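A short worksheet on the structure shown next.
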Amino acid sequence: QVQLVESGGGLVQAGGSLRLSCATSGLPFSWYAMGWFRQAPGKEREFVAAISWSGGNTYYADSVKGRFIISRDNAKNLVFLQMNSLKPADTAAYYCAAALTVYRDTYYLGERDYRYWGQGTQVTVSS
């Protein structure tokens, strides 16, 4: 059974930092590109960041570029999202997701590319 479990969310003041983790199990982690998405109350879920299976290719939404860093540890089946200079607009539930790539060292931006999803972790940034 495939599981993705996010952790690390919480309440932080504007300008602060948080590091989200996503622990995966039940899948060959190095075959999967990983992504982070978020959904704020009353809004649609949106793409945040993505990373290829090797970790060598990454992509960020314009809204987080320069502030967030996605990384992964294939030995431990973990993916991370380091979030710096947080803003109230970053308040949302954050979800990690896995997209099967196998031989292509690429990332994906669309929700439909992702096969497995976690349950989410809440990030709240106060002003």
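Remember, it's a predicted structure, so these values are computed and weren't measured experimentally.
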Can you give each donor-acceptor pair under 3.5 Å made by side-chain atoms of residues 86-97, sequence neighbours left out, with the distance rounded to 0.1 Å?
from : atom 1 : to   : atom 2 : distance (Å)
D90  : OD1    : R38  : NH1    : 2.9
D90  : OD1    : R67  : NH2    : 3.0
D90  : OD2    : R67  : NH1    : 2.8
D90  : OD2    : R67  : NH2    : 3.4
D90  : OD2    : K87  : N      : 2.8
T91  : OG1    : P88  : O      : 3.0
T91  : OG1    : V125 : N      : 2.9
T91  : OG1    : V125 : O      : 3.4
Y94  : OH     : R38  : NH1    : 2.9
Y94  : OH     : D90  : O      : 2.6

About how many Å separate [atom2] of [Y] and [atom1] of [X], when rounded to the nearest 0.5 Å?
{"X": "R115", "Y": "Y108", "atom1": "CZ", "atom2": "OH", "value": "10.5 Å"}
{"X": "Q122", "Y": "E6", "atom1": "CD", "atom2": "CD", "value": "11.5 Å"}
{"X": "T121", "Y": "L81", "atom1": "OG1", "atom2": "CG", "value": "11.0 Å"}
{"X": "S71", "Y": "L78", "atom1": "OG", "atom2": "CG", "value": "9.5 Å"}
{"X": "T101", "Y": "Y32", "atom1": "OG1", "atom2": "OH", "value": "9.0 Å"}
{"X": "I70", "Y": "N57", "atom1": "CD1", "atom2": "CG", "value": "11.5 Å"}

Hphob cluster co-occupancy, [X] + [Y], side-chain heavy atoms under 4.5 angstrom:
{"X": "F68", "Y": "V123", "result": "yes"}
{"X": "M83", "Y": "I69", "result": "yes"}
{"X": "V79", "Y": "Y116", "result": "yes"}

Show the nearest heavy-atom pair for residues A33 and T106, with the distance to one decimal.
CB-O, 3.5 Å
Minimal heavy-atom distance between G35 and Y114, with the atoms involved, is N-CE2, 3.5 Å
Is the shortest heavy-atom distance from the side chain of M34 to the side chain of Y107 under 4.5 Å?
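With C-beta onward as the side chain, the pair stays apart.
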Should the heavy atoms of other residues, nucleotides or ligands under 6.0 Å from CD of E46 be counted, would the total exceed 12?
yes
Whether over 12 other heavy atoms sit under 6.0 Å from Y60 OH:
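Result for OH/Y60: enclosed.
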Tell me, please, which residues at least two apart from K43 pass salt bridge (Lys or Arg N to Asp or Glu O under 4.0 Å).
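Per chain and number, K43 pairs via salt bridge (Lys or Arg N to Asp or Glu O under 4.0 Å) with no residue.
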Contact list for residues 28-74, test disulfide (SG to SG under 2.5 Å), sequence neighbours left out
none
Strictly by disulfide (SG to SG under 2.5 Å), give each pair with a member in residues 39-72 just once, sequence neighbours left out.
none
Does NZ or CZ of R104 lie under 6.0 Å from the centre of the six-membered ring of W53, at an angle within 45° of the ring axis?
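Not satisfied by the 6.0 Å and 45° rule.
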For F47, the ring pair (Phe, Tyr, Trp, His ring centres under 6.0 Å) test, sequence neighbours excluded, returns F37
Could you go through residues 11-31 and list every donor-acceptor pair under 3.5 Å that involves a side-chain atom there, pairing it with any protein atom two or more places apart or in another chain?
from : atom 1 : to  : atom 2 : distance (Å)
S17  : OG     : N84 : OD1    : 3.0
T24  : OG1    : N77 : O      : 3.1

